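Notes follow the structure.
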Amino acid sequence: MGPDGKRTHHCGLLRAEHAGAKVTLNGWLETIRDHGGVVFGSLRDRSGIVQIVFKEPPREPLRPEYVIAVAGEVRLRPEGMRNPDLPTGAVEVAVRELAVLNPSRPPPFEVASFAQEEPNEEVRLRHRFLDLRRPRMQRNIAVRHRISQLVRRYLDEQGFLEIETPFLTRSTPEGARDFLVPCRLNPGTFYALPQSPQLFKQLLMVAGFEKYFQIVRCFRDEDLRADRQPDFTQIDIEMSFIDETDVRRLIDGMLHLLFKSILAIELPLPIPAITYDEAMARYGCDRPDLRFGAPLTDLCALLADSEVPFLREGAARGAAIGLAVPEKGAFTRARIEELATAAATDGGAGFVWLRRAAGALSGPGAKAFKGAREGALVEALGLADGDLAFILAGGNSPALRAACGALRTRLGRELGLAPAGKFAPTWVVDFPLFQRDEERGGFTAVHHPFTAPREEDLELLERDPARVKARAYDIVVNGVEIGGGSIRMHRREVQEAAFKAIDIGPEEARARFGFLLEGLSYGAPPHGGIALGLDRLAALLTGETSIREVIAFPKTQRGSCLLTEAPAPVSDAQLMELGIALKPPPGPAAPVSGS
RNA sequence: GGGGCCGUAGCUCAAUUGGUUAGAGUACCGGACUGUCGAUCCGGAUGUUGAGGGUUCGAGUCCCUUCGGCCUCGCCA
């Protein structure tokens with residue numbers, strides 16, 4: 001070993017062909033197995049694990065997670081002592097020299113590759129540097145890297161330019177809550193961290209770059225979820241002189257490349273599309289999980305003359321839905337009632353349920369389907385033997401659909417209806433442009449206020465905004481929204497008309513988005529784009545259910561980082577410099593001290 | 001802001017209906033051992049039961065408050 005102990009080889013790459021080689025390895029000691037006369041260790045670096053052997057006891061104490069350098073000779077292991085579970089299992093390194101580069105305190109949890117007990121997430125996040133040392137996390141982070149690199153190369157080959165946009169920018173109080181950053185140079189003013197580079201990428205199109213992309217951090221101050229962090233990463237794309245199909249084919253190709261490179265799965269192209277209306281009708285959800293069937297079935301016609309009052313009345317109001325799943329007796333009666341009750345409550349409806357077994361219907365709902373109606377129900381729902389069916393009726397149609405959609409998702413999860421390893425990507429298209437704002441009245445943009453309406457709906461913009469369809473598209477895989485985008489309005493008049501439809505007057509539009517309107521009036525080309533959630537994509541491709549598993553340093557549900565303990569108070573001096581005074585915390589007045 | 005689950009040794013968990021000194025595996029410390037590979041064997045030490053309050057003869061267990069983690073509804077153009 002040289003004086004610096006630098007490695008000549010990587011642990012996980014040693015093979016029989018290296019036998020006889022003099023090597024120096026650096027890494028972390030995974031385990032130490034001391035037999036008195038002979039001592040074995042497993043040495044780990046990023047590439048993997050190899051066994052090291054000390055024929056004489058090491059002079060320094062060795063413990064798990066010590067960082068060491070060893071020099072010695074690669075040897076074939078004696079016959080019968082190979083380890084078939086290890087890629088390096090045919091060899092071992094006989095150590096002649098050892099240097100402890102750095103000892104380690106006993107780790108709070110086992111880092112070793114064989115460790116089965118998963119420490120709880122709080123402990124993992126508090127010691128994230130150790131958690132990330134575990135093989136699973138090493139792999140996840142490496143896959144994420146692969147995705148980024150593949151995407152960069154793909155888009156570069158397609159002629160895209162990677163262009164950065166500012167993080168310190170202007171608050172545009174549409175959409176999510178902004179994170180604000182006080183500006184010292186102009187007391188009382190604030191930057192906002194971008195919710196997305198939306199306006200900048202459109203202006204880059206005005207600027208004539210034609211094809212832009214960026215793998216970029218976005219910031220939204222909203223509540224967290226398993227698939228939502230306050231700062232998250234988008235693959236952001238914008239193109240000029242294109243239509244919806246161009247964007248979709250571009251992303252089809254990107255996903256095909258990613259699935260092939262990372263999972264060795266050949267996605268059939270083109271990725272199919274379903275309209276928003278169809279998704280809502282069949283799955284009660286705008287991001288349906290198409291890995292399994294169990295579509296919602298409209299039973300209004302079948303139930304129009306039902307003897308059961310609530311079924312008949314629901315059908316008359318256009319709110320009667322049936323749903324069948326291959327349950328095969330997996331649920332208890334109580335569980336079925338629980339699931340149905342929850343859905344019925346959410347949908348403002350009543351319910352019955354029944355089973356089909358040995359060709360006959362049974363269960364509390366069976367008596368509502370006697371005689372001819374039985375066959376009609378079996379056919380309508382495609383009821384097979386072992387199926388469980390829910391029939392919900394009442395309330396209003398959209399609410400009932402949503403409730404049934406949630407029920408379907410839940411049944412899919414609890415019954416394991418989605419085959420493992422299956423991926424069902426789909427585009428969702430023809431979204432409405434606007435939705436009613438229940439709180440404030442009027443309309444808000446479904447996607448964002450820069451999304452173009454369909455050409456044929458332009459005249460509806462003023463007359464009947466609810467019926468305007470958007471040139472927007474979401475890409476959904478296995479019930480997860482991976483990304484979404486739209487063709488934008490590139491003509492100023494259309495953009496202003498759209499603002500008007502969502503009650504943004506000319507002054508307000510100028511104040512908030514003046515620079516965009518300006519840009520649009522100087523020869524903006526037709527353009528559109530999309531943004532994909534890199535975190536969600538990485539979770540999907542690693543098989544993780546939370547994006548925290550593919551983010552090196554994620555935040556908890558309360559938005560704090562358990563490692564750095566951010567967010568944290570700042571000093572009075574810092575606040576003073578920024579011209580910021582904190583209000584006293586709310587709550588009961590502090591008791592008078594003393595006496 | 002609402003609903004749900006959870007918090008016991010460094011870690012993963014147990015602890016009967018509220019009842020003796022809160023246990024186990026693992027990690028840790030000491031010892032033995034020349035072919036293990038999650039080594040084995042012998043021995044040892046390890047607790048603010050998240051925190052605070054209450055009920056009770058007695059609380060890990062019941063009640064209230066609070067802190068923290070997770071899931072979820074709202075929210076997330």
Side-chain angles (χ1 to χ4, degrees), chain A residues 30-43 49-57 61 63-65 75 77-86 88-89 92 94 105-127 130-131 172-178 195-196 198-199 218-230 232 342 345-346 402-403 406 409-410 413 431 433-435 437-439 443-451 470 472 481 484 486 498-499 502 504 512-513 531 533 545-546 548 555-558 560 562 565:
Chain A
E30 177 143 304
T31 53
I32 186 91
R33 301 178 290 278
D34 187 345
H35 289 247
V38 60
V39 178
F40 299 94
S42 298
L43 189 64
I49 289 167
V50 71
Q51 171 158 287
I52 57 177
V53 194
F54 298 85
K55 290 291 184 181
E56 289 167 16
R63 311 228 183 304
E65 301 312 318
R75 288 195 196 145
R77 295 202 200 177
E79 198 60 46
M81 290 163 196
R82 304 200 170 137
N83 185 346
D85 300 330
L86 231 49
T88 60
E92 61 191 9
R105 293 165 60 188
F109 50 83
E110 264 182 315
V111 174
S113 51
F114 52 77
Q116 287 173 357
E117 283 175 343
E118 179 90 341
N120 78 49
E121 199 169 352
E122 202 171 341
V123 175
R124 292 174 56 202
L125 292 177
R126 222 175 279 288
H127 305 274
L130 287 175
D131 187 40
T172 52
E174 195 71 24
R177 202 173 291 114
D178 282 322
Q195 296 175 25
S196 85
Q198 180 62 36
L199 299 177
C218 302
F219 306 87
R220 293 178 192 176
D221 185 9
E222 298 293 347
D223 285 3
L224 288 81
R225 288 281 193 287
D227 61 354
R228 278 161 34 187
Q229 286 272 305
F232 63 100
T345 306
D346 286 348
T409 302
R410 208 160 164 187
R413 190 173 56 240
F431 281 82
L433 188 58
F434 303 113
Q435 66 197 349
D437 188 328
E438 305 297 344
E439 277 174 39
F443 289 93
T444 58
V446 169
H447 188 58
H448 58 50
F450 319 110
T451 295
E481 184 195 328
S486 64
F499 280 151
I502 53 174
I504 299 180
R512 277 157 59 170
F513 309 110
T545 52
S546 162
R548 291 188 301 275
K555 291 174 180 61
T556 70
Q557 197 158 55
R558 295 174 103 87
S560 59
L562 297 180
E565 296 185 324

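The structure presented is a predicted model; accordingly, all values stated were derived computationally and were not measured.
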## Note on the structure
For A:P106, the side-chain contact (heavy atoms from CB on, under 4.5 Å) test, sequence neighbours excluded, returns none

### Message
Please enumerate all residues that pass ring pair (Phe, Tyr, Trp, His ring centres under 6.0 Å) together with A:F219, with sequence neighbours excluded.
### Response
A:F167

### Message
If I take atom CZ in residue A:R33 and atom P in nucleotide B:G38, what distance separates them, rounded to the nearest angstrom?
### Response
7 Å

## Note on the structure
Atom CD of A:E92 and atom C1' of B:U36 are separated, to the nearest Å, by 10 Å

#### Entry: Residue whose nearest RNA chain B nucleotide is more 5′ - A:R225 or A:P64
A:P64

### Message
Rounding to an integer number of Å, can you tell me how far A:Q557 CD sits from B:C67 P?
### Response
15 Å

### Task
For A:D131, enumerate each residue passing the side-chain contact (heavy atoms from CB on, under 4.5 Å) test, keeping only those at least two apart in sequence or located in another chain.
A:F109, A:R124, A:R128, A:R134, A:M137

#### Entry: Distance, P atom - from B:C64 to B:G2, rounded to whole angstrom
15 Å

### Task
Send over the distance from A:R413 CZ to B:C71 P, rounded to a whole Å.
12 Å

### Task
With sequence neighbours excluded, tell me which residues meet ring pair (Phe, Tyr, Trp, His ring centres under 6.0 Å) with A:H127.
none

### Task
Let me know the distance between NE2 of A:H35 and P of B:A39, rounded to the nearest Å.
9 Å

### Pairing residues for A:F499 by the ring pair (Phe, Tyr, Trp, His ring centres under 6.0 Å) criterion, not counting sequence neighbours
A:F513

### Watson-Crick or G-U counterpart of B:G7, or none if no pair lies under 3.5 Å
B:C67

### Along RNA chain B (nearest heavy atom to each residue), the more 5'-positioned of A:R82 and A:T556
A:R82

### Query
Under 3.5 Å, side chain of A:E92 to main-chain N/O of A:V53, donor-acceptor pair present?
no

### Message
Could you tell me how far B:G38 sits from B:G50 if I compare only their C1' atoms? Round to whole Å.
### Response
31 Å

Table of protein N/O atoms under 3.5 Å from nucleotides 7-13 of chain B N/O atoms:
from: B:G10; atom 1: O2'; to: A:P108; atom 2: O; distance (Å): 3.2
from: B:C11; atom 1: O4'; to: A:P108; atom 2: O; distance (Å): 2.9
from: B:U12; atom 1: OP1; to: A:N120; atom 2: N; distance (Å): 2.6
from: B:U12; atom 1: OP1; to: A:N120; atom 2: ND2; distance (Å): 3.3
from: B:U12; atom 1: O4'; to: A:E117; atom 2: OE1; distance (Å): 3.4
from: B:U12; atom 1: O2'; to: A:E117; atom 2: OE2; distance (Å): 3.4

#### Entry: Side-chain donor/acceptor of A:R228 to base of B:C76, under 3.5 Å
yes

### Query
Given atom CD of A:E565 and atom C1' of B:G69, what is their separation to the nearest angstrom?
15 Å

